[in-house]
Amino acid sequence: MTDHLHLAVALDGAGWHPAAWREPVARAGELFTARYWAGLVAEAERGLLDFVTIEDGFGLQSTLDDGHDGRVDQVRGRLDAVLLAASIAPLTSHIGLVPTATTTHTEPFHVAIGIATLDHVSQGRAGWRPQVSPRASDAAHFGRRSFPPLDPAALDERHVRDLFEEAGDAVEVARRLWDSWADDAEIRDVATGRFLDRDKLHYIDFRGRWFSVKGPSITPRPPQGQPVVTALAHARVPYEFAARNADIVYVTPRDRDHAAAIAGEIRGIPGGGGTVRIFADLVVFLGHSAQEAAERKARLDELDGAAYDSDALIFTGTAEELADLLLDWRGAGIEGYRLRPGAVPYDLKAIARGVTAALRRRGAFRHAYEAATLRGLLGLPRPANRYEEASTT
Amino acid sequence: MASSTAGARRRVHLAAHFPGVNNTTVWADPRSGSQIDFASFVHLARTAERGRFDFFFLAEGLRLRELKGRIHDLDVAGRPESLTVLAALAAVTDRLGLAATVNTTFNEPYELARRLATLDHLSAGRAAWNVVTTSDAFTGENFRRGGYLDRADRYTRAAEFVQLARTLWDSWPPGAVAADQESGVFVRPGAIGEVRHEGAQFNVHGHFNVPRSPQGHPVIIQAGDSDEGREFAAATADVIFSRHGTLEDGRAFYADVKRRLARYGREPGDLKIMPAATYALGDTDAEAAEHAAEIRRQQVSPQTAIAFLEQIWGRDMSAHDPEGPLPDVEPDLEGGVSQGRVQVADRAAVVARWRSVAREKGLSIRDLVIEMTGRQSFVGSPQTVARQIEEFVTAEAADGFILVPHLTPGGLDDFVDRVVPLLQERGVFREEYEGVTLRDHLGLRAPGRAA
Ligand SMILES: Cc1cc2nc3c(=O)[nH]c(=O)nc-3n(C[C@H](O)[C@H](O)[C@H](O)COP(=O)(O)O)c2cc1C
């Protein structure tokens with residue numbers, strides 16, 4: 001079991017290639033329906049994947065770094081990922097559900113109870129991908145803060161640091177709120193007339209630069225105790241954020257050596273770098289032959305009028321070739337993968353059926369779900385409650 | 001009302017309130033289940049859908065209530081985030097409307113409009129939003145902005161919030177998503193409108209990122225009772241959730257609110273009035289009365305009786321025997337002991353009334369609290385309750401009711417099994433859903449698009 005890789009898929013629209021919606025098998029007219037998403041996650045669950053992530057954001061998708069590009073030939077619009085994940089929960093039974101929720105313009109209290117609720121409705125399968133929103137155009141949708149236009153070539157370091165520091169505070173608030181009810185806070189003691197034992201509820205009294213939150217939560221402790229926090233990171237500041245706050249970090253190596261270098265850097269970060277799980281993100285276009293896979297991508301590139309590029313490595317090839325790559329990078333310190341299907345449903349099916357089968361042939365993937373919670377699938381123990389630990393010593 | 005409807009029986013609308021975080025909800029009963037397990041929500045929602053109810057309803061309270069500076073421990077507590085649990089319920093129900101109470105003070109329009117539009121998409125047109133205007137600093141301690149909102153500004157902000165949400169929902173016209181694989185047009189050119197809102201409360205510039213949802217706008221419910229609250233409802237709401245549950249009170253409220261509609265170019269049918277209602281059933285009226293009294297005793301435990309007294313007297317009363325007589329202690333009218341709940345208005349008058357009832361009837365503290373608080377709206381055999389509900393609607397004291405059961409999750413089972421069929425027999429309640437969306441169930445027209 002310890003030889004097994006962890007495998008997740010990242011769902012977004014009709015897939016990660018901007019022309020994916022134009023594939024004849026894409027259900028492009030159904031992207032905003034519950035049925036479409038439930039079908040995708042059911043496919044991932046049939047493949048016994050650990051979890052799915054769902055992308056989100058506070059602006060329209062765009063080819064520009066910041067702001068609406070006015071393009072009409074790509075998918076525009078998306079549903080709230082936490083609600084989408086919740087609507088899938090009753091229709092699935094084992095797979096983890098990890099929506100993206102932004103930390104920059106949201107209330108940490110709302111996000112924390114939303115993720116806790118996802119954990120309740122899924123009976124312990126919730127995760128969260130906190131995400132910062134650096135764009136000026138997103139900030140204008142709220143009108144509370146004014147940010148400089150985002151230019152990846154000339155990042156405002158202070159701005160980036162602030163965003164991740166705020167995200168760290170948001171995760172800290174969520175983690176405290178999730179622990180603010182002891183598991184046995186509800187007592188229903190008829191003799192004393194008490195429903196709650198108030199000594200088992202805790203004010204979190206968080207005070208930070210961006211917000212203060214008193215607590216306790218209004219939502220009882222989630223079934224997992226702490227839902228799984230995951231973060232995508234490409235550079236030092238987000239590596240530190242992820243190491244200190246997340247259970248899983250998604251990184252974007254270009255090759256095996258780069259993977260080893262990133263893993264080494266993260267492992268060296270004090271206060272969490274040694275234990276955070278390191279997953280690599282890959283965009284995948286699969287095919288029966290390497291050539292067929294490459295042609296699939298080329299066909300989509302032509303439809304879009306540009307070669308698709310990504311922050312993550314773009315893999316084109318067969319399921320067997322991908323399985324070899326995934327196992328090879330494991331030697332560089334990568335413990336799992338978040339695969340971004342280039343086009344849905346084709347690449348999703350190829351992952352859930354072909355890639356998992358290829359990994360199983362190599363003794364590297366599960367034959368059945370071995371746990372009922374997402375923490376269980378990931379081999380993470382159910383954590384003790386930080387407030388209860390303190391009070392029982 | 002309009003003569004064309006004379007003779008035709010007025011239709012009743014019904015909604016199911018998930019048992020609330022207060023002493024109406026009985027937890028000490030052996031049948032009482034979890035307040036947080038998803039299975040409890042599924043049970044009540046499916047019961048409501050089996051009963052062909054208009055919608056399922058969740059209240060909101062974003063801070064645990066406190067009494068005497070400590071967390072109130074006598075009532076049920078603990079609830080999910082409303083929109084998240086409703087999104088999950090959308091997957092296991094088919095026609096039932098799904099209503100969440102969400103305040104306009106500790107939320108931002110772009111984010112909340114997205115979440116509501118998402119629920120409307122995921123439920124294929126069954127979302128509703130109960131707009132409330134919490135302004136207290138107590139709740140604000142859990143939020144970025146703290147308790148900054150002056151009470152006088154609560155409806156100014158709410159009105160601008162709802163108007164802006166409507167602008168965002170309207171910024172994608174119907175049919176904007178073409179998803180035409182042949183021509184390669186996903187969104188029709190120019191379809192996504194630019195939003196430019198500059199107001200006293202909000203400045204929002206840019207583009208909404210959720211396509212127009214099946215209902216266009218989710219159904220808007222309003223639950224404030226002040227003059228400003230009523231005016232706000234008349235201007236913008238589709239449904240009012242009211243507390244005016246007696247026939248006389250209900251008629252006065254109904255007339256007052258419907259009268260305000262004309263000013264906004266709206267018809268009486270555009271705004272449905274649905275008071276909260278509790279009930280107790282029995283095979284006979286006498287049995288129902290007994291059952292009602294039993295429930296009242298369960299709702300007011302000895303400790304809860306003292307807690308009620310403390311709220312009204314504004315001071316610690318824990319030294320007094322709940323089964324003993326009302327003590328001759330003066331209230332502290334300056335002192336407030338409770339937070340996070342609706343405050344008792346004019347406590348001096350309430351104290352005087354309670355004293356006189358206790359003296360007249362010779363009641364203990366507990367019996368006095370049972371007598372003075374939370375009497376059920378409808379008590380009787382299924383026939384009696386069905387008749388009373390029809391009477392209220394016929395008399396224009398309500399367009400229907402939001403039923404608040406006292407047990408989680410089975411509290412509506414008897415109503416759906418025994419009263420709903422009688423309402424259907426009387427021809428005042430649907431036998432089957434006649435439409436798909438919540439607007440269809442409520443007989444509301446499609447929202448007009450903002451200019
Ligand atoms: C029947 C009813 C139910 C209400 N439910 C809630 C609720 O669940 N959460 C909340 O914060 N406020 C709730 N309120 C409070 C009001 O919506 C409103 O914010 C408050 O009463 C202040 O407005 P007002 O002065 O117009 O009454 C409710 C009010 C009524 C009448």
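Just so we're on the same page: letters track the sequence lines, and every chain starts at 1.
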Tell me, side chain or backbone of [X] under 4.5 Å from chain B's heavy atoms, or both, or neither?
X      : value
A:E23  : backbone
A:P108 : side chain
A:L91  : side chain
A:D169 : neither
A:I204 : neither
A:W181 : side chain
A:F206 : neither
A:T106 : both
A:D189 : backbone
A:R35  : neither
A:A14  : neither

Does any heavy atom of chain A fall under 4.5 Å from the side chain of [X], the backbone, both, or neither of them?
X      : value
B:H72  : backbone
B:E111 : both
B:V92  : side chain
B:D37  : neither
B:L168 : neither
B:A77  : both
B:S34  : backbone
B:D75  : backbone
B:Q181 : both
B:S32  : both
B:V177 : side chain
B:E182 : backbone

Salt bridge or not for [X] and [Y], using N-O below 4.0 Å?
X      : Y      : answer
A:R198 : B:E66  : no
A:K214 : A:D205 : yes
B:R63  : B:D136 : no
A:D304 : A:R71  : yes
A:R194 : A:E186 : no
A:R76  : A:D69  : yes

Sort out for me which of [options] touches chain A most, counting heavy-atom pairs under 4.5 Å.
options                      : answer
B:P214, B:G78, B:A176        : B:G78
B:R188, B:E141, B:R70        : B:R70
B:A88, B:A28, B:P109, B:S183 : B:A88
B:R144, B:H121, B:E81        : B:R144

So which of A:L60, A:D73, A:L31 has the biggest tally of heavy-atom pairs under 4.5 Å with chain B? A:L60
Counting heavy-atom pairs under 4.5 Å to chain B, which of A:F32, A:W21, A:F211 comes out on top?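 Heavy-atom pairs under 4.5 Å are most numerous for A:W21.
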Under 6.0 Å from the ring centre and within 45 degrees of the ring axis: does the NZ or CZ of B:R114 meet both conditions for the six-membered ring of B:F208? no
Show your reasoning for whether side chain to side chain contact (heavy atoms under 4.5 Å, CB included) applies to B:N142 and B:F106. CA-CA 9 Å; B:N142 281 335; B:F106 305 111; over 6 Å; no
Would you kindly say whether A:R125 and A:T92 are connected by a side-chain donor-acceptor distance under 3.5 Å? yes
With distance as the sole criterion, is a donor-acceptor pair present between the side chains of B:N23 and B:T304 under 3.5 Å? no
Centre-to-centre under 6.0 Å for A:H105 and A:F142, is that the case here? yes
Neighbour count >12 (heavy atoms, 6.0 Å) for atom CD, A:Q123: no
Within a 6.0 Å radius of atom CD on A:E302, are there more than 12 heavy atoms belonging to other residues, nucleotides or ligands? no
Parallel, tilted or perpendicular for B:F161 and B:F202, by the 30°/60° rule?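 Because their plane-to-plane angle is over 60°, the rings of B:F161 and B:F202 count as perpendicular.
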